[in-house]
Amino acid sequence: VTLTVAASGAGLSYQWQYNSGSGWKKSNGIGAQTDTLTLTANADRSGYQYRCVVTDQFGSRVISGAATVTVELTLLWSPKSITASAGNTVNLRCTASGAGLSYQWQYNSGSGWKKSNGIGAQTELLTFTANANRSGYQYRCVVTDQYGNTVTSDAATVTVR
């Protein structure tokens, strides 16, 4: 993420600041004392506000408007279809990036998607024992970020032999 401020005057100095919700603090990111601040998009910093304090050689200051950085919810890994022997453990993984993530696994036996209550049904990793009665079931994960945005993984089919 690159933030830039434009100012004119003699002998200008710059100091970028951020606010995570508890007041303004000096930034130490790349370019924090220049007209351009460069940040790595990080889900932990989603929602932070950034502004720049510009001071001229006479000590006069102006403060830029604040810009809010939001890191989007992105699906990184969907579960993959698998064939397992009855009684074996099945592990399905879903990974996403974003701020304040919550996970909810779902299954479909052919009559629509329902919430799973297996081990890890609200985590990145769903674990259950392969059961012949559930062969052909599909599983997917719905990921929600702290802003209410959702992304749904691809469906994976579990075949039990």
Side-chain angles (χ1 to χ4, degrees), residues 1-82 90-108 112-128 137-158:
V1 175
T2 302
L3 302 173
T4 303
V5 65
S8 62
L12 299 180
S13 65
Y14 302 86
Q15 179 59 63
W16 285 91
Q17 299 176 332
Y18 70 93
N19 185 346
S20 62
S22 59
W24 292 100
K25 299 175 184 163
K26 285 185 179 181
S27 175
N28 59 4
I30 297 170
Q33 294 181 336
T34 69
D35 63 348
T36 302
L37 177 68
T38 303
L39 307 164
T40 300
N42 180 329
D44 294 338
R45 293 183 180 165
S46 189
Y48 279 28
Q49 292 184 311
Y50 292 84
R51 70 182 187 185
C52 189
V53 178
V54 182
T55 307
D56 70 13
Q57 67 184 4
F58 305 108
S60 297
R61 293 178 8 158
V62 293
I63 300 173
S64 71
T68 302
V69 174
T70 302
V71 179
E72 294 181 0
L73 174 61
T74 304
L75 188 65
L76 302 174
W77 181 265
S78 282
K80 303 299 180 208
S81 295
I82 188 171
V90 173
N91 292 306
L92 299 176
R93 180 172 300 281
C94 174
T95 306
S97 68
L101 301 181
S102 62
Y103 296 82
Q104 179 58 63
W105 284 90
Q106 299 176 335
Y107 69 92
N108 185 348
W113 292 101
K114 299 175 183 160
K115 285 185 179 181
S116 175
N117 60 3
I119 296 171
Q122 294 181 337
T123 68
E124 293 181 24
L125 181 65
L126 177 67
T127 302
F128 58 92
Y137 278 29
Q138 292 184 310
Y139 294 84
R140 70 181 186 184
C141 188
V142 178
V143 184
T144 306
D145 69 12
Q146 69 184 20
Y147 307 107
N149 301 311
T150 63
V151 64
T152 303
S153 74
D154 296 335
T157 302
V158 175

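- When all heavy atoms are compared, the tightest approach of L73 to A96 is CD1-CB, 4.2 Å.
- Annotation: side-chain contact (heavy atoms from CB on, under 4.5 Å) contacts of S8 (sequence neighbours excluded): none.
- The side-chain hydrogen bond (donor to acceptor under 3.5 Å, both in side chains) test applied to S97 returns no partner, not counting sequence neighbours.
- Considering only residues two or more places apart in sequence or on other chains, V90 meets the side-chain contact (heavy atoms from CB on, under 4.5 Å) condition with I82, A84, L92, F128, A130, V158.
- Looking at L126 and C141, their side chains never come closer than 4.5 Å, going by heavy atoms from C-beta outward.
- Checked against side-chain hydrogen bond (donor to acceptor under 3.5 Å, both in side chains), E72 has no partners two or more places apart in sequence or in another chain.
- Partners of T2 under the side-chain contact (heavy atoms from CB on, under 4.5 Å) rule, at least two apart in sequence or in another chain, are T4, T36, T38.
- You'll find the side chain of V142 stays beyond 4.5 Å of the side chain of C94, heavy atoms only.
- For A155 against R140, the heavy-atom pair with the smallest separation is CA-CB, 4.2 Å.
- The closest side-chain donor-acceptor pair between Y147 and S46 falls under 3.5 angstrom.
- Between W16 and V5, some side-chain heavy-atom pair lies under the 4.5 Å cut-off.
- Checked against side-chain contact (heavy atoms from CB on, under 4.5 Å), V69 has the following partners two or more places apart in sequence or in another chain: V1, Y50.
- Remark: N91 pairs with T127 by the side-chain hydrogen bond (donor to acceptor under 3.5 Å, both in side chains) rule, at least two apart or across chains.
- In this view, Q104 and Q122 satisfy the side-chain hydrogen bond (donor to acceptor under 3.5 Å, both in side chains) rule, not counting sequence neighbours.
- Sorted by first and then second residue, the pairs that involve residues 22-48 and meet ring-ring contact (aromatic ring centres under 6.0 Å, His included), not counting sequence neighbours, are Y18-Y48.
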